[in-house]
Amino acid sequence: MADSLESPAERSTRLLNEPWQHAGATGSGVTGTIASFREIWAHRQLLGLLTKRELKSRYKDSAGGFLWSLAKPLTQLFIYYLVIGQFLGAARGIENFAIYIFAGLTVYTLFSEIVGAGTGSIIANAGLVKKVYLPREIFPLAAVGSALFNFAVQLVILLIASIAVGTLTFGPQLLFGVGALVLVLVWGTAVGILLAALNVYLRDIQYLVEVVLLLLMWASPILYSWQQAAAVLPGWLLEIYVNSPITLAVLGFQEAFWSEASNGVPLPHLALRMLIALAIGIIALLGAQRVFSRLQGDFAQEL
């Protein structure tokens, strides 16, 4: 009742004199990270709704609907297979070249979509960020969910194609595919969360990301073999190349769906390299979340 008798000026003065109260997860280091994860889990239903909204808005009012998620990768597959494989002769040195390309494209597209959509996720949801409090990490995480849906559609096509061609055999090598998926999810989420925060303060980030993602695709053994890169790169640069999480994920997917039936030469110690990259990726993810947590306090003002 007392509040209703206050004038706007008196209410503003009273609110300004109130002590600051933190909304959401607080703390630093491991404590802050655990608190943030708990808060995200508490909003898991909202995360699911945001993921569905992103998928629906992407293909809203289109007759093809979710089938359009296949248009880009299948077009890329056709162009690369025809131009790189047939016209430039790359297919002569790599058996079942179409499966080789599609395996690499499938896992790389997942990484590309997570990072690309994640980078612009906070700005795209500026209205929600400015109006209500909720854990802001759910916006780049919703981009992960949307990318996973598209990945699942492409994976079904890859499974059908690799079975039809005869490159897929059910055995322990499929674990490389699982490892590659986890590797991309961890690193993609880490990079997406970090860039989502930085992009609020420096909008050029989202345009730079598009260029870097294009370079990363050509810097991964999708259209050529890692042995071809090894024949050209100096020793120190080759070590960086073969231990890149993206390179390892692409090689892992090719090992699962292409290599065994196509006389592929596996990268030495591929499993160990992937495990090391995953461990580093988990540390990077935790670090990215802490940076995001530090920067999110001024999101509303910057937007």
From Leu181 CG over to Thr106 OG1, what is the distance, rounded to the nearest 0.5 angstrom? 11.5 Å

Taking the six-membered ring of Trp41 as reference, does the cationic atom of Arg44 (NZ for Lys, CZ for Arg) lie under 6.0 Å from its centre and within 45° of its axis? yes

Knowing that exactly one of Val115, Ile114, Leu110 qualifies, which makes a side-chain contact (heavy atoms from CB on, under 4.5 Å) with Val144? Ile114

Main-chain N/O of Trp218 paired to Tyr224 side chain as donor or acceptor, under 3.5 Å: yes

Separation between CG (Leu50) and OG (Ser121), nearest 0.5 Å, reads 10.0 Å

For the CG atom of Leu295 and the CD1 atom of Ile122, what is their distance to the nearest 0.5 Å? 11.0 Å

Is Trp236 reachable from Val232 through a run of hydrophobic residues whose side-chain heavy atoms are each under 4.5 Å from the next? no

Determine, step by step, whether Phe151 and Val184 satisfy the side-chain contact (heavy atoms from CB on, under 4.5 Å) criterion, reporting the C-alpha distance in whole Å, the side-chain angles of both residues, the deciding distance to 0.1 Å, and the verdict. CA-CA 11 Å; Phe151 168 80; Val184 164; over 6 Å; no

Do Val191 and Val291 belong to the same hydrophobic cluster, where Ile, Leu, Val, Met, Phe, Trp and Tyr are linked whenever their side-chain heavy atoms lie under 4.5 Å apart, directly or via other members? yes

Without swapping roles, check the side chain of Thr51 against the backbone of Leu47 for a donor-acceptor pair under 3.5 Å. yes

Could you walk me through whether Phe170 and Leu168 pass side-chain contact (heavy atoms from CB on, under 4.5 Å), step by step? CA-CA 7 Å; Phe170 294 92; Leu168 178 63; 4.1 Å; yes

Heavy-atom check, side chain of Ser259 versus side chain of Gln254, under 4.5 Å: no

Intermediate values then yes/no, side-chain contact (heavy atoms from CB on, under 4.5 Å), Leu155 and Phe253: CA-CA 11 Å; Leu155 181 60; Phe253 236 60; 4.0 Å; yes

Close side-chain approach of Thr189 to Leu285, heavy-atom, < 4.5 Å: yes

Could you measure the distance from the CG atom of Leu46 to the CZ atom of Arg53? Nearest 0.5 Å is fine. 9.0 Å

When rounded to the nearest 0.5 angstrom, what distance separates CG in Asn199 from CG in Leu208? 10.0 Å

Keeping Ser293 on the side-chain end and Arg290 on the backbone end, is there a donor-acceptor pair under 3.5 Å? no

Does some side-chain heavy atom of Leu233 sit less than 4.5 Å from a side-chain heavy atom of Leu237? yes

Backbone N/O of Val242 and side chain of Thr247: donor-acceptor pair under 3.5 Å: no

Taking Ile193 as the starting point, is it possible to reach Leu202 by hopping between hydrophobic residues whose side chains are less than 4.5 Å apart? yes

Of the non-hydrogen atoms in Ala190 and Ala288, which two are nearest, and what is the gap between them? O-CB, 3.3 Å

Between Tyr207 and Val211, is there a side-chain heavy-atom distance shorter than 4.5 Å? no

Nearest heavy atoms of Ser220 and Val250, plus distance in Å: CB-CG2, 4.3 Å

Gap separating the CG atom of Leu248 from the CH2 atom of Trp226, nearest 0.5 angstrom: 11.5 Å

Heavy atoms, side chains only, cut-off 4.5 Å: are Ile246 and Trp187 in contact? no

For Phe97, does its backbone N or O pair with a side-chain atom of Trp258 as donor and acceptor, under 3.5 Å? no

Gln173 vs Thr169, test: side chain to side chain donor-acceptor pair (under 3.5 Å). Steps then yes/no. CA-CA 8 Å; Gln173 82 280 356; Thr169 56; 3.0 Å; yes

Shortest non-hydrogen contact between Ala256 and Gly177, atoms and distance: CB-N, 3.6 Å

So Met274 and Val182, do their side chains get closer than 4.5 Å, heavy atoms only? no

I'd like to know if Leu275 and Val186 are part of one continuous hydrophobic network [Ile/Leu/Val/Met/Phe/Trp/Tyr, side-chain heavy atoms within less than 4.5 Å]. no

Decide if atom OH of Tyr81 counts as having more than 12 heavy atoms of other residues, nucleotides or ligands within a radius under 6.0 Å. no

Quick check: closest heavy atoms across Ala180 and Ala249, and the distance to 0.1 Å? CB-O, 3.2 Å

Decide side-chain contact (heavy atoms from CB on, under 4.5 Å) for Arg203 and Ile123; before the verdict, give the C-alpha distance in whole Å, the side-chain angles of both, and the deciding distance to 0.1 Å. CA-CA 9 Å; Arg203 304 298 171 88; Ile123 293 176; 3.2 Å; yes

Side chains of Leu198 and Phe292 in contact at under 4.5 Å (non-hydrogen atoms): no

Within the distance-only criterion (no hydrogens, no angle test), does the side chain of Arg273 pair as donor or acceptor with the backbone N or O of Pro268 below 3.5 angstrom? yes

Hey, are the side chains of Tyr100 and Ser225 touching, using non-hydrogen atoms and a 4.5 Å cut-off? yes

Kindly work out whether a path of hydrophobic side-chain contacts (I/L/V/M/F/W/Y, heavy atoms less than 4.5 Å apart) joins Val107 to Val212. yes

Do other residues, nucleotides or ligands put more than 12 heavy atoms under 6.0 Å from the CZ atom of Phe78? no

Is it the case that the side chain of Ser162 and the backbone of Leu159 share a donor-acceptor pair, with hydrogens and angles ignored and the cut-off at 3.5 Å? yes

Tyr241 to Ala229 - nearest heavy-atom pair and separation: CE2-CB, 3.7 Å

